[in-house]
Each structure stands twice: as C-alpha cells, then as structure tokens.
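To start, the structure under review is shown below, and the notes come after it.
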There are 2 protein chains.
Amino acid sequence: MSIKGIFPIDQWDFESESILADLPSGDLELLMARKSEQLYKKGEIIFREGAFPAGIFYIVNGKAKKYKVDGEGREQIIYVANTGELLGYHAILSGDNYPDSAAVLEESLITFIPREDFLDAIKQSDVLNRRLLKTLSHEFAVLANSLTMFAQRSVRERLALQLIVIREKYKVDFEPGQPVEINMGRDDLASLVGTARENVVRMLSEFKEEGVVTTKGRKIIVLDVKKLIKIANYR
Amino acid sequence: MSIKGIFPIDQWDFESESILADLPSGDLELLMARKSEQLYKKGEIIFREGAFPAGIFYIVNGKAKKYKVDGEGREQIIYVANTGELLGYHAILSGDNYPDSAAVLEESLITFIPREDFLDAIKQSDVLNRRLLKTLSHEFAVLANSLTMFAQRSVRERLALQLIVIREKYKVDFEPGQPVEINMGRDDLASLVGTARENVVRMLSEFKEEGVVTTKGRKIIVLDVKKLIKIANYR
DNA sequence: TAAAAAAAGTGAGTTATATCAATTTTTATA
DNA sequence: TATAAAAATTGATATAACTCACTTTTTTTA
C-alpha cells in the first residue's frame with residue numbers, strides 16, 4: 001500500500017528518478033573512469049560546508065544527511081539522501097564552495113568522482129545535462145515546499161510529515177509488507193524537524209499513546225500512515 | 001556603503017548575476033523572437049501554482065513575489081524577484097506544473113517568452129545551458145540557507161535579516177546615498193518572515209524605539225544596518 | 001477634498017515550544 | 001555478561017509568538 005496518490009510524496013522528495021540511472025553507457029564510463037570507492041562508518045563526514053568541492057559522491061549503498069550548522073552549533077538537516085543518489089554536485093555547478101555538509105547516517109559505500117571528470121561528462125553528455133537541469137529545478141520545488149512547511153506548520157505537524165517522508169526512505173531496506181523500522185537518532189530527527197530533541201521525544205510519546213507509531217528500542221515503526229497525514233494537516 | 005563583505009548577501013540572494021545578461025546576441029534573439037510585453041498593475045498575478053507552464057517571464061522593470069498558499073489560505077513568500085530577473089523557468093525545466101505562484105509587488109513591465117522558444121534556446125545555446133545550471137544550483141544554496149533560517153531563528157532575527165535583504169532590492173530605485181525606502185505592505189513582509197502581521201508590526205515598533213529603522217507612511221527606512229545585522233545574529 | 005475602504009498599529013490573554021535538570025533505558029565496550 | 005558510556009525520556013518552568021478584538025492612520029475613490 002503505497003502512499004503515492006493520496007499523499008504526493010514527489011513534492012517532498014527529490015528522487016522521483018535518479019540522475020545516473022540509465023545514463024548512456026559511454027557517458028557513464030566517462031564519469032566513472034577515475035572513480036574511487038570508500039566504505040564510511042556510521043556518522044563519518046563526507047564533506048564539510050565551506051570546503052573546496054574536489055568532486056561529487058555517489059551513494060552505492062547507504063544513507064547520508066545534508067546539513068548546515070549555525071553559529072551556535074545547532075544542526076539543521078536539509079535533506080536525507082538514499083542509495084543511488086548523488087551528493088555535492090551543486091557546489092561544482094555553482095562555482096561556490098560546498099554550501100552544506102554531508103555525513104553518513106549508517107554504514108555506507110560511496111563512490112567519489114573527481115571534479116574534472118564530472119565537468120567533462122557534462123560537456124560531453126546532453127543527456128546528463130538535461131537530467132541535471134531537470135533534477136535541480138525539481139529539487140528547488142521540493143525545497144520551497146519544505147521552506148513553507150517550516151515557516152507555517154507547527155512542530156507537531158512537521159514531525160508527522162517528516163515521519164511519512166523518512167519512512168519512505170527506510171522502506172527500501174525492508175521486504176514489501178514487512179513493518180518499516182525507522183532507525184534514526186532522536187537528535188537527527190529533531191534537526192530534521194527543526195526543534196529540540198526533547199520536543200521530538202515528547203511528541204513521539206503522544207503519537208504512541210494515540211496509536212500512530214510504536215517503538216522497538218530506538219527504532220520507530222509507523223502504525224497508521226493515514227492518521228499521520230491527518231496530523232500533518234496536509235491538504 | 002555596500003554591505004557586501006561584512007554581510008555576504010550573495011548567500012541570501014539569487015541574483016549575483018542575471019541569466020540573460022550578456023547572452024550571445026544570437027541566443028538572445030532566438031529567445032526573444034516571439035516575446036510579448038505586458039504592463040502589470042500592482043498586485044496582479046503572473047501565474048498560479050498548479051497551472052501548466054506556458055512560458056517564462058522576464059521582468060523588464062518592477063518587482064514580483066514568488067509564493068505558495070497553504071490549505072488555510074496563508075501565503076508564504078519564497079522569493080522577491082527584481083528588475084532583470086526571470087520567472088517560471090523551474091517548472092518548464094522540471095516538467096511539472098508551476099510549483100508556486102507569482103504576483104507583481106508594484107506596477108511592472110514583464111516580457112512573456114513562450115515555452116517552446118525557451119526550450120529551443122536551451123537546445124541551441126551552451127551558454128544559456130551553463131548559465132541555467134549555475135543559477136539553479138546557486139538558487140538551491142540560497143533556499144537551503146533560508147530554510148535553516150526558518151527552522152532555527154526567532155521571528156525577531158528573521159525580520160531583521162529580511163529587512164537587510166529586502167532593502168538591497170529596493171536600493172536600485174534610489175540614488176546612491178539617498179535613504180532607501182522599503183515600500184512593502186505589512187502582510188507581504190509578514191509572509192516573507194513567516195509570521196502574523198501583528199508580530200511584524202510590533203517588532204517594527206521595537207526597532208523604531210531602538211533607533212534601527214524609521215517609517216514614512218507605510219514605507220520603512222533602515223537607519224542602522226550594522227545593528228540589524230547584530231539583531232539578526234548572523235555570524 | 002471628503003468619505004469610504006484598506007491597511008497599519010495596539011493591547012491582552014492564551015498556547016506552543018524552548019530550556020534546564022534529572023532519571024531511565026539502550027547500546028557499546030571490556 | 002557486567003560495566004561504562006551514550007542516548008532517550010520525563011517533568012517543571014519560562015517565554016516567544018499566536019490569536020482575537022479593537023482603534024488609529026493611511027490610501028484610495030467618488
């Protein structure tokens with residue numbers, strides 16, 4: 001029972017299709033000519049805000065967060081990237097340094113593609129070019145959506161919404177029909193929702209009392225997606 | 001006395017350079033071949049969220065807001081576009097309908113460019129292509145910045161920050177050295193800051209007492225940018 | 001220029017959320 | 001498996017921001 005349709009998740013998630021999926025083999029070879037693979041341990045940082053973008057990263061397997069840290073050290077998660085997604089290309093295209101940091105949420109296998117190879121591939125490949133324009137403009141719409149949510153929704157509504165969205169990302173790790181376990185630390189969940197850890201925990205207990213979610217250790221299992229949609233107050 | 005440097009406004013504003021500025025004349029001709037111009041009266045809507053994107057819009061002269069309206073009819077301004085900027089191209093590139101609405105903030109002269117001409121121009125022009133990739137990825141960084149602000153900053157800090165950013169946009173309408181008058185309705189200012197009109201008004205009075213701003217009718221004049229930066233608590 | 005309409009501004013009461021301090025549970029490590 | 005460390009949870013209190021009701025000022029229009 002997918003929630004697409006009743007809840008247009010495309011509006012909340014960048015990855016309606018991957019940038020590299022089904023790329024003409026020549027273009028892909030060019031891109032991957034000098035790649036290097038690395039296994040990141042949980043919590044390891046992929047790149048840091050402000051650093052020179054030496055290349056882009058492809059998540060072969062795992063999950064990563066894109067985030068910003070403000071003056072007081074508070075972390076704000078912009079996006080959670082999943083297996084198959086690309087990281088770090090915005091900076092190379094814009095000509096700025098990395099505008100945000102990225103770190104791995106669980107043990108992840110990640111491919112590094114040098115800056116020059118990425119730029120060459122863009123020059124060569126019309127498909128990649130179109131794909132990037134399409135992805136970037138879609139990402140913009142998704143982010144504008146998030147912005148509106150942060151500006152107008154209550155913490156309770158935001159938590160409900162993020163649980164729906166994040167559940168979809170953990171779904172791929174479970175057999176269809178099996179309960180999806182969201183294995184995310186409360187601090188990360190809080191910085192995704194834009195509030196303090198304590199508030200997330202308190203509202204999770206409320207959701208538990210209301211029969212919307214349950215927990216298994218630190219893992220969160222959504223019992224009633226429709227109720228969550230109602231709480232999120234999404235038209 | 002520009003605030004660039006002490007306050008890196010590029011991080012808060014898309015338009016470090018225009019997409020169409022200095023475009024090779026051939027490319028520009030192609031783009032403008034079948035344009036049509038129209039004078040919009042204050043408040044008029046340029047396009048509506050959810051509509052099919054029939055083309056893109058170029059602001060020859062004036063200002064426009066990009067905004068979203070939520071279920072309860074509350075408006076959230078995503079961005080304020082100025083003379084020389086392009087509107088509505090995200091939807092055409094992403095293949096979705098318009099993800100947001102646009103309306104004119106003051107009487108504005110706007111050029112309409114049909115969808116097909118824009119798509120043809122992209123096919124033909126490498127410069128336009130690169131320009132779009134660069135702009136889109138920069139825009140993404142700016143929006144991520146705004147997102148963080150909404151998630152973490154107080155209304156007071158957000159208002160201070162937006163006054164700085166918005167002042168830069170009204171600056172072009174005044175002689176250098178002359179006081180810049182921000183001529184924006186309180187409702188628009190509120191939906192830019194993400195709060196209710198009453199809160200904006202209250203905090204503007206506070207700012208007035210503190211000698212940071214003054215008003216002239218409904219117009220707002222910033223007296224002390226540095227103090228605003230301090231209030232915005234921007235590192 | 002007067003009247004009407006729209007926008008801006010003020011005040012008081014209420015609520016959601018942040019913050020601080022402590023305890024309990026879970027996970028990692030020896 | 002016991003112990004230490006880390007993470008999650010609960011409670012109490014403070015406060016920023018929202019909402020509603022109303023007044024005053026500014027702008028529009030007749």
Side-chain angles (χ1 to χ4, degrees), chain A residues 41-44 70 72-76 105-107 149-163 181-210 213-221 231-233, chain B residues 41-44 70 72-76 105-107 149-163 181-210 213-221 231-233:
Chain A
K41 275 175 291 185
K42 185 175 174 172
E44 271 193 281
D70 77 357
E72 285 97 57
R74 291 213 307 168
E75 205 179 286
Q76 176 62 41
L105 284 172
E106 58 191 36
E107 192 177 77
M149 178 190 67
F150 276 111
Q152 302 190 328
R153 303 298 192 178
S154 68
V155 170
R156 187 180 155 89
E157 289 171 318
R158 267 142 56 196
L159 177 59
L161 195 50
Q162 290 292 9
L163 282 176
E181 297 176 356
I182 300 170
N183 186 12
M184 185 178 246
R186 300 299 178 265
D187 279 307
D188 279 334
L189 199 48
S191 97
L192 193 62
V193 171
T195 187
R197 185 184 58 245
E198 295 95 315
N199 297 319
V200 165
V201 166
R202 239 185 291 276
M203 285 177 192
L204 276 177
S205 324
E206 283 176 35
F207 287 173
K208 262 168 99 169
E209 278 170 29
E210 297 165 35
V213 305
T214 187
T215 52
K216 198 170 147 188
R218 60 123 59 144
K219 291 160 191 156
I220 300 162
I221 296 159
I231 293 170
N233 194 20
Chain B
K41 275 174 290 183
K42 184 174 175 173
E44 270 193 281
D70 76 357
E72 285 96 56
R74 292 213 305 167
E75 205 178 287
Q76 176 62 40
L105 284 173
E106 58 191 37
E107 194 178 75
M149 178 190 68
F150 276 111
Q152 303 190 327
R153 302 299 193 179
S154 68
V155 170
R156 187 179 154 90
E157 289 171 318
R158 268 142 55 195
L159 176 59
L161 195 50
Q162 289 291 10
L163 283 176
E181 298 177 355
I182 300 170
N183 186 12
M184 185 177 247
R186 300 299 178 265
D187 279 306
D188 279 335
L189 199 48
S191 97
L192 193 61
V193 171
T195 187
R197 184 185 62 244
E198 295 95 314
N199 297 317
V200 165
V201 166
R202 240 184 291 277
M203 285 179 190
L204 277 177
S205 326
E206 282 176 37
F207 287 173
K208 262 168 100 169
E209 277 171 30
E210 297 165 34
V213 306
T214 187
T215 52
K216 198 169 146 187
R218 60 121 61 143
K219 291 160 192 156
I220 300 162
I221 296 158
I231 293 170
N233 194 21

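Every chain is numbered from 1 and lettered A, B, ... according to where its sequence line falls, protein lines coming before strand lines.
- Residue A:Leu204 holds its CG atom at 8.5 Å from OG1 of A:Thr215, rounded to the nearest 0.5 Å.
- A:Arg197 pairs by the salt bridge (Lys or Arg N to Asp or Glu O under 4.0 Å) definition with A:Asp187, not counting sequence neighbours.
- One interatomic measurement links the two molecules: CG of A:Leu189 to C1' of D:dT9, which rounds to 14 Å at whole-angstrom precision.
- At least one donor-acceptor pair under 3.5 Å links the side chain of B:Ser205 to the backbone N or O of B:Val201.
- Between A:Arg156 and A:Glu210 there is a salt bridge, since at least one side-chain N of the basic residue sits less than 4.0 Å from a carboxylate O of the acidic one.
- For the pair B:Arg186 and B:Glu198, the salt-bridge criterion is not met [side-chain N within less than 4.0 Å of a carboxylate O].
- For the pair B:Ile220 CD1 and C:dG9 C1', the interatomic distance rounds to 13 Å; values are reported in whole Å.
- Atom CG of B:Asp188 is separated from atom P of C:dA8 by 9 Å (rounded to the nearest Å).
- Two end axes, each from the C1' atoms of five base pairs, can be drawn for the helix from C:dT1-D:dA30 to C:dA30-D:dT1; they diverge by 60°, to 10 degrees.
- Between the CZ atom of B:Arg186 and the P atom of D:dT25 there is a distance of 15 Å, given to the nearest Å.
- Partners of B:Lys42 under the side-chain contact (heavy atoms from CB on, under 4.5 Å) rule, at least two apart in sequence or in another chain, are B:Arg218.
- Although no hydrogens or angles enter the test, the distance criterion places a donor-acceptor pair under 3.5 Å between the side chain of B:Arg74 and the main chain of A:Gln152.
- Here D:dA17 presents its P atom at 16 Å from CD of A:Gln152, a figure rounded to the nearest Å.
- In this structure B:Glu107 satisfies the salt bridge (Lys or Arg N to Asp or Glu O under 4.0 Å) test with no other residue, sequence neighbours excluded.
- Note: CD (B:Glu107) to P (D:dT27) measures 17 Å, nearest angstrom.
- With sequence neighbours excluded, the residues satisfying salt bridge (Lys or Arg N to Asp or Glu O under 4.0 Å) with A:Lys216 are A:Glu181.
- Within the 4.0 Å cut-off from OP1 or OP2 of C:dT10, at least one side-chain nitrogen or oxygen of B:Ser205 is found.
- To the nearest angstrom, C1' of C:dA8 lies 9 Å from CG of B:Asp187.
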- Could you run through nucleotides 11-30 of chain C and give me one letter per nucleotide, 5' to 3': B if any protein heavy atom sits under 4.0 Å from the base, S if only the sugar-phosphate is that close, - if neither? BB----SBBB------S---
